[in-house]
Amino acid sequence: MYRIGEEEIAAVANVIRNGRMFRVMEENTPVHEVLDFEREMRDYLNVENYFLLTSGKGALIAALIALGIGPGDEVLVPAYTYIATALAVVAAGAIPVVVDIDDTLTMDPKAVEAAITPNVKAIIPVHMQGMPANMAALCAIAEKHGLYVIEDACQAVGGSFGGKKLGTWGDAGAYSYNYFKNISAGEGGGLTTRSRDVYERAYIYHDSSGVPYFGKKLDNLDDYLYVGSEFRATEITAAIMRVQLTRLPGILADLHKNRQYLMDGLAGSGLKFTRSNDFDGDCANILNFVFDDIKTAEKFDALTECGRPINTGKHVCWAWEILYRHRGALHDKMNPFLMEANQGLRMNYDRDMCPASRNELCRHAYFGINPDWTPAEMDEVIKKLRSAAAQL
Ligand SMILES: *Cc1c(COP(=O)(O)O)cnc(C)c1O
């Protein structure tokens with residue numbers, strides 16, 4: 001989250017004064033923030049189907065389930081992503097197969113192609129830290145092999161690839177509005193899909209007890225009534241998110257402006273920037289550097305205390321102990337790793353997997369950009385980075 005203030009406070013106060021904080025049967029209430037936010041998001045993303053729910057991971061699970069993915073299926077996820085991407089696959093009963101990232105730190109199309117077997121049903125490209133994955137290449141491969149594409153755009157709300165919003169390239173896209181994301185209500189998630197059927201199935205998954213109260217929300221309800229979960233968003237979340245959405249273009253514009261200022265200030269320093277699949281569509285959350293070898297990256301990190309993607313804990317596959325230990329559920333019979341349908345699928349994760357990704361990630365270091373930095377503050381950053389670069 002970058003910006004929040006009086007407007008959000010007023011929006012929340014309005015919901016509380018109105019006394020109704022619940023979205024169900026909202027058509028009959030004078031204030032219906034969730035409905036309004038969903039309409040505004042459809043316009044913003046230029047999509048037909050979108051709904052608000054409680055988390056990005058909930059959106060990933062609902063999308064996987066709604067696409068019919070489950071036991072017997074493998075889903076490709078990149079070596080560099082928040083663990084929730086892989087856990088969502090397991091929550092759907094399927095098996096995540098980890099594939100390499102490339103020098104853009106996003107899913108490597110070549111690695112995807114090499115990992116495809118008849119068991120693979122879907123791929124989940126992740127736009128880490130606002131950096132777009134190569135959606136043209138990934139969608140082309142998916143189409144060729146009949147795979148679903150579910151975009152994890154949790155860290156890239158507002159970003160785009162080839163002029164088209166991230167999350168809207170694939171069959172479904174997931175967004176997160178938790179505290180660490182571009183816009184936030186503390187918690188929250190969004191799901192978009194180009195298929196009305198997938199939308200309706202996902203909608204049921206996100207509120208399966210509430211189905212009798214859906215009114216006209218679904219067209220074909222009887223066809224796929226089933227037990228799902230409860231990921232319903234509150235009116236308060238939506239009230240905050242409506243204000244946050246109005247802030248998003250300004251946040252992204254200022255991130256881009258500041259990234260340019262920093263890059264201009266670093267010209268001639270010898271520092272090399274990580275390649276982007278779409279420099280203008282990138283959210284510009286970070287200034288990302290790449291070094292020729294690991295030692296230099298480590299030294300730069302030590303000198304600047306910036307940060308390295310390899311060190312972020314749960315965002316790299318080598319930290320996903322829960323997968324190594326096949327702890328897919330508390331109850332053994334609900335554990336996808338033990339299910340008969342999944343025997344024979346690739347689940348031999350270990351700490352030496354994806355060595356190419358490890359080598360790549362180790363050589364990058366990044367600096368978070370603040371959209372509210374003044375030129376004077378950025379001059380300080382530039383000075384520090386230039387001084388470190390001179391010592392390499
Ligand atoms: C934050 C995040 C998620 C999960 O979002 P929640 O809203 O916390 O459930 C999933 N994938 C990635 C890449 C994320 O960064």
Side-chain angles (χ1 to χ4, degrees), residues 1-2 37 41 50-65 75-92 94 96 98-99 101 104-107 122-133 135 138 149-159 161 165-167 169-170 172-192 202 205-206 229-234 236-238 240-241 244-245 277 282-283 285-286 288 307 309-320 322-323 357 361 366 368:
M1 189 204 59
Y2 291 105
F37 176 67
M41 274 310 277
Y50 169 92
F51 68 89
L52 178 68
L53 66 172
T54 48
S55 71
K57 187 180 173 208
L60 287 170
I61 298 171
L64 286 156
I65 298 266
V75 177
L76 305 185
V77 303
Y80 179 44
T81 179
Y82 185 50
I83 186 171
T85 315
L87 298 193
V89 175
V90 180
V98 186
V99 299
I101 47 130
T104 67
L105 306 191
T106 61
M107 195 175 230
I123 65 173
I124 310 186
V126 184
H127 312 295
M128 280 300 276
Q129 297 185 294
M131 301 181 290
M135 292 315 297
L138 292 167
V149 177
I150 301 157
E151 281 178 85
D152 182 337
C154 288
Q155 296 195 9
V157 176
F161 176 88
K165 285 274 182 316
L166 299 177
W169 273 83
Y175 303 98
S176 170
Y177 312 122
N178 86 19
Y179 177 72
F180 298 101
K181 315 298 175 165
N182 287 348
I183 50 174
S184 177
E187 292 282 10
L191 188 156
T192 184
Y205 187 82
H206 113 289
S229 190
E230 248 70 272
F231 293 142
R232 264 194 321 271
T234 78
I236 288 179
T237 298
I240 297 171
M241 289 312 301
Q244 288 277 296
L245 182 58
N277 284 309
D282 188 297
C283 296
N285 301 103
I286 56 168
N288 207 357
I310 196 72
N311 285 340
T312 55
K314 292 205 158 45
H315 297 80
V316 294
C317 63
W318 308 281
W320 301 344
I322 195 167
L323 294 192
S357 298
L361 286 166
Y366 63 83

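These numbers were taken from a predicted model, which means no experiment stands behind them. One-based numbering, in listed order, for ligands and for the atoms of each.
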K.L.:
Just jot down the ligand 1 atoms closer than 4.0 angstrom to any heavy atom of Thr85, in number order.
P.N.:
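Those of ligand 1 that fall under 4.0 Å from Thr85 are 11 (N).
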K.L.:
What part of Glu187 sits under 4.0 Å from ligand 1 if we count only heavy atoms: the side chain, the backbone, both or neither?
P.N.:
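Looking at Glu187 and ligand 1, no heavy atom falls under 4.0 Å.
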K.L.:
Nearest protein heavy atom to atom 4 (C) of ligand 1, by residue and atom, and its distance?
P.N.:
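For atom 4 (C) of ligand 1, the nearest protein heavy atom is Lys57 N, 3.7 Å.
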K.L.:
My understanding is that only one of Ile310, Ile101, Val316 makes a side chain to side chain contact (heavy atoms under 4.5 Å, CB included) with Ser357; could you say which?
P.N.:
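When side chain to side chain contact (heavy atoms under 4.5 Å, CB included) is applied between Ser357 and each of Ile310, Ile101, Val316, only Ile101 qualifies.
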K.L.:
Does any N or O atom in Gly56 lie less than 3.5 angstrom from one in ligand 1, N or O only?
P.N.:
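For ligand 1, there is an N or O atom that lies under 3.5 Å from one belonging to Gly56.
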K.L.:
Measure the acute angle between the ring planes of Phe37 and Tyr177, then classify it against the limits of 30° and 60° as parallel, tilted or perpendicular.
P.N.:
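Plane angle over 60°, so perpendicular.
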K.L.:
Give the residue and atom name of whichever protein heavy atom lies nearest to atom 8 (O) of ligand 1, and the separation in Å to one decimal.
P.N.:
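Nearest neighbour among protein heavy atoms for atom 8 (O) of ligand 1, to 0.1 Å: Asn178 ND2, 2.9 Å.
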K.L.:
Below 4.5 Å, heavy atoms only, C-beta onward: do Trp169 and Val149 meet side chain to side chain?
P.N.:
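Result no, sub-4.5 Å side-chain heavy-atom pair not found.
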K.L.:
Counting both backbone and side chain atoms, is some N or O of Tyr177 under 3.5 Å from an N or O of ligand 1?
P.N.:
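So ligand 1 has no N or O lying under 3.5 Å from an N or O of Tyr177.
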K.L.:
Can you tell me the protein heavy atom closest to atom 1 (C) of ligand 1 and the distance?
P.N.:
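Heavy-atom neighbour on the protein nearest atom 1 (C) of ligand 1: Lys181 NZ, 1.7 Å.
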K.L.:
If the cut-off is 4.0 Å to any non-hydrogen atom of Thr81, which atoms of ligand 1 fall inside it?
P.N.:
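Listed by number with element: 13 (C).
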K.L.:
Using a 4.0 Å cutoff against the non-hydrogen atoms of Gly188, which atoms of ligand 1 qualify?
P.N.:
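Result: 7 (O).
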K.L.:
Has the side chain of His127 got a donor or acceptor atom that lies under 3.5 Å from a matching backbone atom of Ala156?
P.N.:
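No; judged by distance alone, with no hydrogens or angles, the pair does not exist.
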K.L.:
How far is atom 11 (N) of ligand 1 from the closest protein heavy atom, and which atom is that?
P.N.:
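Answer for atom 11 (N) of ligand 1: Asp152 OD2, 2.7 Å.
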K.L.:
Under 4.0 Å, heavy atoms only, figure out whether ligand 1 is touched by the backbone of Cys154, its side chain, both or neither.
P.N.:
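The part of Cys154 near ligand 1 is the side chain, not the backbone.
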K.L.:
Rounded to the nearest 0.5 Å, how far does CD1 of Ile240 lie from OG1 of Thr234?
P.N.:
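So the gap between those two atoms works out to 7.5 Å.
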K.L.:
Mark up the atoms of ligand 1 that fall under 4.0 Å of a heavy atom belonging to Val126, in ascending order.
P.N.:
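That gives atoms 13 (C) of ligand 1.
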K.L.:
Can you tell me how far the CG atom of Asp152 sits from the CE atom of Met128, to the nearest 0.5 Å?
P.N.:
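Asp152 CG to Met128 CE: 8.5 Å, rounded to 0.5 Å.
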K.L.:
Do any N or O atoms from the side chain of Ser184 and from the backbone of Asn178 form a donor-acceptor pair under 3.5 angstrom?
P.N.:
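Confirmed, Ser184 side chain pairs with Asn178 backbone.
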K.L.:
Out of curiosity, Asn285 CG to Lys181 NZ, how far, rounded to the nearest 0.5 Å?
P.N.:
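Going from CG on Asn285 over to NZ on Lys181, the span is 10.5 Å.
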